[in-house]
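Just below is one structure, and these are the notes that go with it.
Labels below follow one simple rule: chain letters A, B, ... track the order of the sequence lines, proteins then strands, and each chain is numbered from 1.
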Amino acid sequence: MTLPRKETRFLLIALVALLLLPFATMLLGDRAWLLSLSVGSYCLLYMINAQALNVQVGMTGLLNLGPIAFVGLGAYTGALMLTAGDNALIGFYAGFVPELSGHLRWVLFFLDPNFLAYLTVIPVAIVLSMLLSLLLGLPTLKLSGDYFAIVTLGFAQIFYLVVKNEAWLTKGSAGVTDVPALFSFCTGPNRIEFFSHTAHYFFGVAVLAVCLYVVVRLRDSYLGRGLLAVRDNELAAQSNGVNVAKYRMLSFMVFSALAALGGVAMLARAKFVSPNDLNFMESILFLCCVVLGGMGSVRGVLLGGIALGALGEVMRIGLPVVSETIGYEIPAQVRYVLFGMILILVMRYRPNGILPVAAEEHAGGLEKLGAHRDAEPTFFKLGTKG
Amino acid sequence: MLFLEYTLNGLNTGILYGLIAIGYTMVYGIIQLINFAHGEICMLGAMVTATFLGWAFGVDAIAIPAAGFVVFMTLAALMDGGFGILLDKIAYKPLRGSSRLSALITAIGMSLLLQNLAVMIWGAGANTIKVPEGYTSTAILQIGGRLGIRITFFHISIWLFTIASMSGLYFLVQKTRFGMAMRATAQNPTAASLMGVRLDKVVATTFFVGSFLGAIGGVAVAINKGSFDYQIGLYIGLVAFAAAVLGGIGSIPGAMLGGIIIGVVEAWAAGYLSEIPHPLVEGGISTGYKEAVGFTVLILIILLRPQGLLGSRGGDRA
Amino acid sequence: MSTPLIEFKGVKTGYGQMEVLHGIDLHVDQGEIVTLIGSNGAGKTTTLMTLSGVNKVWEGEIWYEGACLNGVPPHEIVARGICHVPEGRQIFRDLTVEENLRLGAYLRSDQAAIQKDLEHSFDMFPILRERSFQLGGTLSGGEQQMLAIARGLMGKPKVLLLDEPSLGLAPLIVADIFETVKRVNKEEDVTVVLVEQNANLALKTANRGYVLETGTITLSDDADKLANNPKVREAYLGG
């Protein structure tokens, strides 16, 4: 079995490349550097959240149409905890961590009060998100996948309305502003220029690394084989003693934990969160990354996240420029038209994803299972037993 | 009095949700697909109607003749029925026999695509549908003051249309040979095809009827709201889907019943939410939650009774 | 000898990527009862499903009445007179007995004749008349099987494909049903292709038989000769 080693190498190279990117683009001048960081950190969010969704949609075959609610829960938990009582959490850590100066500040970055506060927030966000998935999943995961998809969609909309309307807690439509930065030396008088631009980016890479580790370990464990079995043939899995609802719950909880982590990464990047960040379209974009990359393929979805994150950001920045140059206003919706077409065309012509790595992995995964892909529940198929 | 007014408003909106929900329920009944793009089909119906009326009577027309209104709306709805068939042929038909997840993702892609193509064609701004003079303003029946209960030509006409289309559908499905074939296909497509039923024809008819009614529903919702934009399909689509599930997916009377219930509860929510004290802060609960009614009902019904109010089978046939 | 009514020439088919029939040849002549016997999963049902157009032919050809059936949709094949009574009966559970029967005549437009055949079905299976307004799903297993066969005959078929008509039924009812099949074959000149696990019964009813093993035809002979073939006796007739 050469696949896992090949995959590990691929993922390590990708992570190292992401780590080196800011140093490489520095050579191209300030504007290029800032642009690469902006696009890069945006892509990272897509890679993280798509990978989270991949566990549920790709590996378990369960469509979640509201992943943004879990990402949003992570971001809001972080934002509210960090800003509560005039940044009391940071003040608390600042109280007994010695104030460092000079290079020591970033060499010993893990002692920074802001960072310690962020680290405190992460487990809370994860636990809340997993509790939510438990609450939502327990009654719904027994039902057919279609219903689960709609429940998650409805839930995400309700979550959005709650966040928008419960202003006493969430600050309503205005959103939570002035969230402290990841490190105290990213802002204020002690600011270090390099880190103030890159800290959230490196944090994103770290989160992605954690995500990839969890997803790969999960997939290669016996639990992961159970998940794939549920996806490929629910009935057969059931009759072989696989508890389908249990595995679905497992994948939902892993997804929710990773999505909450993605939410904190999103917060670290923007230092702001508002109901606008909970748009249904975001959920669809994450789904697009998974579909394009190849459902269930770790490497494919990683590339899918890069591709669509970059495409989205480049189009957002580039379209107005192009419109101005050619003197014709290209509507911003071109982007979404493109995403819609990706979903349709990939499902029709390359349901295992368009990237060759995904196809390779897919074949490997099925051999391991000894199962047959075509045995999954079908959509209006005329067929019978043999 | 106020209660009656809210309820009546809710009924008026609810039957429109019901009309739209029929499209979901019929398509799901036949091919077990949540046609996610149905909301966009309804939106297209409203957009095309507005465009036709604009072409025919000028964009600035203040009053338009009633006959012209009916003719062009019908034309737009028929065209929309064609869009529905096309949607199935282009997007869903090639996927018959592949996984249900693929079909559902394709439906979401179609919804995204249609919504944003609409922006490119009609722009992101608000549109209005011109109506004949007095259609929505002249009260035929008025009880109470200016804000009391009022029934206009608009309300009468949507009630008449709803009753007529429900009777027509009942006749088509229960009394005709083709309707029998439709019911048979919904129960067992393989066996139906072995009887000589042309599945393509059944599916196309289903999409046509659903889209036609959806277009009329979309137009009426747009008139009801005063103005509409390309996003109208997303919300009414989801609410109508909730209505279809509430009534029991696959059941046509169920879709109408579900639509009416959701419409009424939504109207009550809009009216009374602010009078319920908020447990934590001063003042009432925000009326912004009105939009959550459909989703809440949807989640509750899926949890408590997935087969819906009038559904016979378990929530899922496959 | 004239050309056969139905002919399979090296037919291969399957589901997804899995080949189920590995190139089978068989023929059915006008007026015959031909049976396919074989164990579970041998491809008997697949053979019928391919003949009725639900399953697509991958390789090879199926000929019927001098025309190739490859790529002809199921409703068209029904229109040409091949009627398939599927395994597990597959009646329409939420339609009444009468509606089920009328669907059997879906492609016919001769109302008067349909009414006459409806009466004929009720004469053949009197219990169905009693239950004509009940939903199909409320019938017992035997009644459902009778309904399925009667429904098949409502299409005035030239060829009747019967898939496991004895499955799960009491022996008395089975004997009844097979008597009907023979009578229909003789009196109405309906050619019958019978797939049956109960090989004993099938070979008693049929003129000729084929033995299907994992997608390949391994034996073909007259029914009485097959019934006396030691291999068949051992494998399918309990020694």
Can you tell me how far apart CZ (A:Arg335) and CG (B:Leu112) are? Round to the nearest 0.5 Å.
10.5 Å

Mind checking whether B:Leu101 and A:Met347 have side chains closer than 4.5 Å, heavy atoms only?
no

Grab the two heavy atoms, one from A:Pro139 and one from B:Leu303, that are nearest each other, plus how far apart they are.
CB-CD2, 3.5 Å

Tell me yes or no: between the side chains of A:Glu166 and B:Tyr289, is some donor less than 3.5 Å from an acceptor?
yes

Nearest 0.5 Å, please: how far is CG in A:Asn165 from CD in B:Glu291?
9.0 Å

Please classify the contact between A:Ala149 and chain B as side chain, backbone, both or neither, with a heavy-atom cut-off of under 4.5 Å.
side chain

Euclidean distance, A:Arg231 CZ relative to B:Ser99 OG, rounded to 0.5 Å:
10.0 Å

Which heavy-atom pair separates A:Ile158 from B:Ala292 by the least distance, and what is that distance?
CG1-CB, 4.4 Å

Which distance, rounded to the nearest 0.5 Å, do you find between the CG of B:Asn116 and the CZ of A:Phe339?
10.5 Å

Quick check on A:Val291 against chain B: is it the side chain, the backbone, both or neither that has a heavy atom closer than 4.5 Å?
side chain

So what's closer than 4.5 Å to chain A heavy atoms on B:Leu280: side chain, backbone, both or neither?
side chain

Is there side-chain contact between A:Met341 and B:Met110, with heavy atoms separated by less than 4.5 Å?
no

Under 4.5 Å between any side-chain heavy atoms of B:Phe241 and A:Leu153, yes or no?
no

Please step through side-chain contact (heavy atoms from CB on, under 4.5 Å) for the pair B:Ile34 and A:Ile150, ending with a clear verdict.
CA-CA 9 Å; B:Ile34 298 174; A:Ile150 295 302; 3.6 Å; yes

Apply the test side-chain contact (heavy atoms from CB on, under 4.5 Å) to residues A:Phe148 and B:Ile302: give CA-CA distance (whole Å), side-chain angles for both, the deciding distance (0.1 Å), then the verdict.
CA-CA 9 Å; A:Phe148 179 76; B:Ile302 286 179; over 6 Å; no

Using a 4.5 angstrom heavy-atom cutoff, name the option from A:Leu161, A:Val57, A:Leu287 with the most pairs to chain B.
A:Leu161

Below 4.5 Å from any heavy atom of chain A, which atoms of B:Ser111 appear? Answer side chain, backbone, both or neither.
neither

Atom group of A:Val346 that falls short of 4.5 Å from chain B, counting heavy atoms
neither

What part of B:Ile105 gets within 4.5 angstrom of chain A, counting heavy atoms only: side chain, backbone, both, or neither?
both

Can you name the closest pair of heavy atoms from B:Arg100 and A:Asp146 and give their distance?
NH2-OD2, 2.8 Å

What residue in B:Gly288, B:Gly294, B:Ala107 has the most heavy-atom pairs under 4.5 Å with chain A?
B:Gly288

Classify the ring geometry between B:Phe36 and A:Phe280 as parallel (under 30°), tilted (30 to 60°) or perpendicular (over 60°).
parallel

Under a 4.5 Å cut-off applied to non-hydrogen side-chain atoms, are B:Ile108 and A:Ile284 in contact?
yes

Heavy-atom distance under 4.5 Å to chain A: side chain of B:Leu234, backbone, both or neither?
side chain

Counting C-beta onward and ignoring hydrogens, is there a side-chain heavy-atom pair between B:Tyr235 and A:Gln157 closer than 4.5 Å?
no

Out of A:Ile342, A:Val334, A:Thr140, A:Val162, return the one with the most heavy atom pairs under 4.5 angstrom to chain B.
A:Val162

Are there over 12 heavy-atom neighbours, none belonging to B:Lys201, within less than 6.0 Å of that residue's NZ?
no

Hey, are the side chains of B:Thr106 and A:Arg348 touching, using non-hydrogen atoms and a 4.5 Å cut-off?
no

Which region of A:Leu169, side chain (C-beta onward) or backbone (N, CA, C, O), has a non-hydrogen atom less than 4.5 Å from a non-hydrogen atom of chain B, or is it both or neither?
neither

Under 4.5 Å from a heavy atom of chain B, the part of A:Leu136 involved:
neither

Minimum heavy-atom distance between A:Ile344 and B:Gly109, given as atom pair plus value
CD1-C, 3.7 Å

Counting only heavy atoms closer than 4.5 Å, note whether B:Leu298 contacts chain A via side chain, backbone, both or neither.
side chain

